[in-house]
Amino acid sequence: MPALASQENPSTAAATKPAAKVLPFSGKHGSRIDFRRTAIAAFRNVVPPVVVLALILLMWQVLCSSPDASLPSPHQVWQESYDLIAYPFFNNGSQDIGLGWRVLVSLQRVLYGFGLAAVTGVIIGAIIGQSVWAMRGLDPIFQVLRTVPPLAWLPLSLAAFQDSNPSAIFVIFITSIWPVIINTAVGVRNIPQDYRNVAEVLRLNQFEFFWKIMLPSAAPYIFTGLRIGVGLSWLAIVAAEMLTGGVGIGFFIWDAWNSSRLPDIIVALAYIGIVGFVLDKLVGALGKLITRGATAN
């Protein structure tokens, strides 16, 4: 009986224990923290360039507001080139089209030339990085050719292709391939020896080694070269189109110069800068996504 008496009744014990408090879930605190971080990040990334741009426009307006100024002021650019700014995709036929269509034509050429340079550059760079003899034989030649300005290739490409469109694509290709080759070769040479030993143990063939070992290891270097190459491609197409003609953004600048339309040239330069910035950020974002944030040493 004493033993039974000492046993505690479950219902009584449950009644004596304090009831657990159920706290209602509220996501306000967490969302407030996320909103605050987002606002701070936006302030740090957006406000400084906006302030600097406003100061540049203000200085530009002050320096070029006099009647005898050689360059148009921002107010004059807005007045005389409003249609190009507000309506980038108008199409009235022939050469009377918006800058948006001209940029798309130039981007199409860049896509062909840079895409071919990316594929070819990665393959050649992988060969150079793997073979000491290929590096000794090809690297000096590539170092010489990469210093040739883009427009210097244009007469040869026009003579070879007899057409302006493939000539411009070739200029893009020959300009953007060198950083891809060089960075890919450096990335392949920096593959850790442990990875090569694993490939030998697993008896991977050349294709499997290239796809499973070489590309993932050299990816940060490859995308560094691609990022440099896409910027050079955009520079090359604008310069090439000034001489080859067509409806691209480069020929528009040259035609505006011949017609003394300086405000239109300034608007076109703004388009070129924005598109080049977007291309660089797209390739950089793709590189971060594929390499998971890894960077080249």
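Owing to the predicted nature of the structure, the values given are computational and were not obtained by experimental measurement. The basis for the numbers below is simple: all heavy atoms, side chains too, and nothing from hydrogens, waters or symmetry mates.
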Would Val122 and Leu215 count as a side chain to side chain contact (heavy atoms under 4.5 Å, CB included) if you check the C-alpha gap in whole Å, the side-chain angles of each, and the deciding distance to 0.1 Å? CA-CA 9 Å; Val122 170; Leu215 280 184; 4.1 Å; yes

Audit row: Asp255, Arg261, side chain to side chain contact (heavy atoms under 4.5 Å, CB included) steps and yes/no: CA-CA 9 Å; Asp255 183 63; Arg261 302 195 311 270; 3.8 Å; yes

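Atom CG of Asp280 sits about 7.5 Å away from atom CZ of Phe277, to the nearest 0.5 Å. Atom NE2 of His75 sits about 13.5 Å away from atom SG of Cys64, to the nearest 0.5 Å. The CZ atom of Phe114 sits 12.5 Å away from atom OG1 of Thr175, with the distance rounded to the nearest 0.5 Å. With rounding to the nearest 0.5 Å, the separation of CD1 in Ile265 from CG in Leu71 is 10.0 Å. Here CD1 of Ile177 is found 13.5 Å from CZ of Arg146. Values are rounded to the nearest 0.5 Å. The distance from the CG atom of Leu63 to the CG atom of Leu58 is 9.5 Å, given to the nearest 0.5 Å.
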What pairs of donor and acceptor atoms, side-chain ones from residues 239-252 against any protein atom, are under 3.5 angstrom apart with sequence neighbours left out?
from	atom 1	to	atom 2	distance (Å)
Glu241	OE1	Ser106	OG	2.9
Glu241	OE1	Ile249	N	3.2
Glu241	OE1	Gly250	N	2.9
Glu241	OE2	Ser106	OG	2.9
Glu241	OE2	Arg109	NH1	2.8
Thr244	OG1	Ala240	O	3.0

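When the side chains of ILVMFWY residues are joined at heavy-atom separations under 4.5 Å, either directly or via intervening members, Ile124 and Leu145 end up in a single hydrophobic cluster. Side-chain heavy atoms closer than 4.5 Å link hydrophobic residues (I, L, V, M, F, W, Y) into clusters, and following such links, even through other members, never connects Leu235 to Val275. When the side chains of ILVMFWY residues are joined at heavy-atom separations under 4.5 Å, either directly or via intervening members, Val171 and Ile272 end up in two distinct hydrophobic clusters. Note: the hydrophobic cluster containing Val188 also contains Val198 (ILVMFWY, side chain heavy atoms under 4.5 Å, direct or indirect links). Grouping the Ile, Leu, Val, Met, Phe, Trp and Tyr side chains by contacts below 4.5 angstrom, directly or via other members, places Leu269 with Ile85.
Side-chain atoms of Asn183 come within 3.5 Å of backbone atoms of Pro179 as a donor-acceptor pair (strictly under, hydrogens ignored). A distance-only check finds no donor-acceptor pair linking the side chain of Ser131 to the backbone of Ile128 [under 3.5 Å]. Judged purely by atom type and a 3.5 angstrom limit, Asp163 has no side-chain atom pairing as donor or acceptor with the backbone of Pro166. Proximity of a side-chain donor or acceptor of Asn190 to a complementary backbone N or O of Val186 within less than 3.5 Å is detected. The backbone N or O of Ala117 lies less than 3.5 Å from no partner atom in the side chain of Thr120, so there is not a single donor-acceptor pair. With hydrogens and angles disregarded, a donor-acceptor distance shorter than 3.5 Å links the side chain of Ser65 to the backbone of Val62.
Residues Val46 make up the rest of the hydrophobic cluster containing Val50, defined by ILVMFWY side-chain heavy atoms closer than 4.5 Å, directly or through other members. In this structure, Tyr112 shares a hydrophobic cluster with Ile169, the cluster being traced through Ile, Leu, Val, Met, Phe, Trp and Tyr side chains under 4.5 angstrom apart.
Between Phe173 and Phe170, the angle of the ring planes lies from 30° to 60°, which puts this pair in the tilted group. Below 30°, between 30° and 60°, or above 60°: for Phe142 and Trp178 the angle between ring planes is between 30° and 60°, a tilted geometry.
Residues Leu99 and Tyr87 have side chains not in contact (no heavy-atom distance under 4.5 Å, counting atoms from C-beta outward). Annotation: side chain of Ile97 is not in contact with side chain of Asn92 (no heavy-atom distance under 4.5 Å). Residues Val148 and Ile174 fail the side-chain proximity criterion, which asks for heavy atoms closer than 4.5 Å. Using a 4.5 Å heavy-atom cutoff, the side chains of Gln130 and Met214 are in contact. In this structure, Tyr221 and Arg189 have side chains that are not in contact, with every pair of non-hydrogen atoms separated by 4.5 Å or more. In this structure, the side chains of Thr147 and Gln143 stay at 4.5 Å or more apart for every pair of heavy atoms. Residues Phe223 and Leu286 have side chains in contact (heavy-atom distance under 4.5 Å, counting atoms from C-beta outward).
Taking all atoms of both residues into account, the shortest heavy-atom contact from Gly125 to Thr184 is C-CG2, 3.8 Å. For the pair Glu208 and Arg203, the tightest heavy-atom approach, listed with the atom from each and the gap, is OE1-O, 4.3 Å. The heavy-atom pair separating Val180 from Ala118 by the smallest distance is CG1-O, 4.0 Å. Taking both residues in full, the closest heavy atoms of Trp60 and Pro72 are given as NE1-O, 2.9 Å, listed atom of the first, atom of the second, then distance. The two residues Ile191 and Ser217 come nearest to each other via the heavy atoms CG1-CB, 3.9 Å. Annotation for Asp68 and Ser66: closest pair OD1-OG, 3.0 Å, computed over non-hydrogen atoms.
When each of Phe90, Tyr271, Phe89 is tested with Trp101 by the rule ring-ring contact (aromatic ring centres under 6.0 Å, His included), just one qualifies, namely Phe89. Remark: of the listed residues Val278, Leu226, Thr224, Leu226 is the sole one forming a side chain to side chain contact (heavy atoms under 4.5 Å, CB included) with Val283.
Side-chain atoms of Asp264 and Ser81 form a donor-acceptor pair, as typed in the model, at a separation below 3.5 Å.
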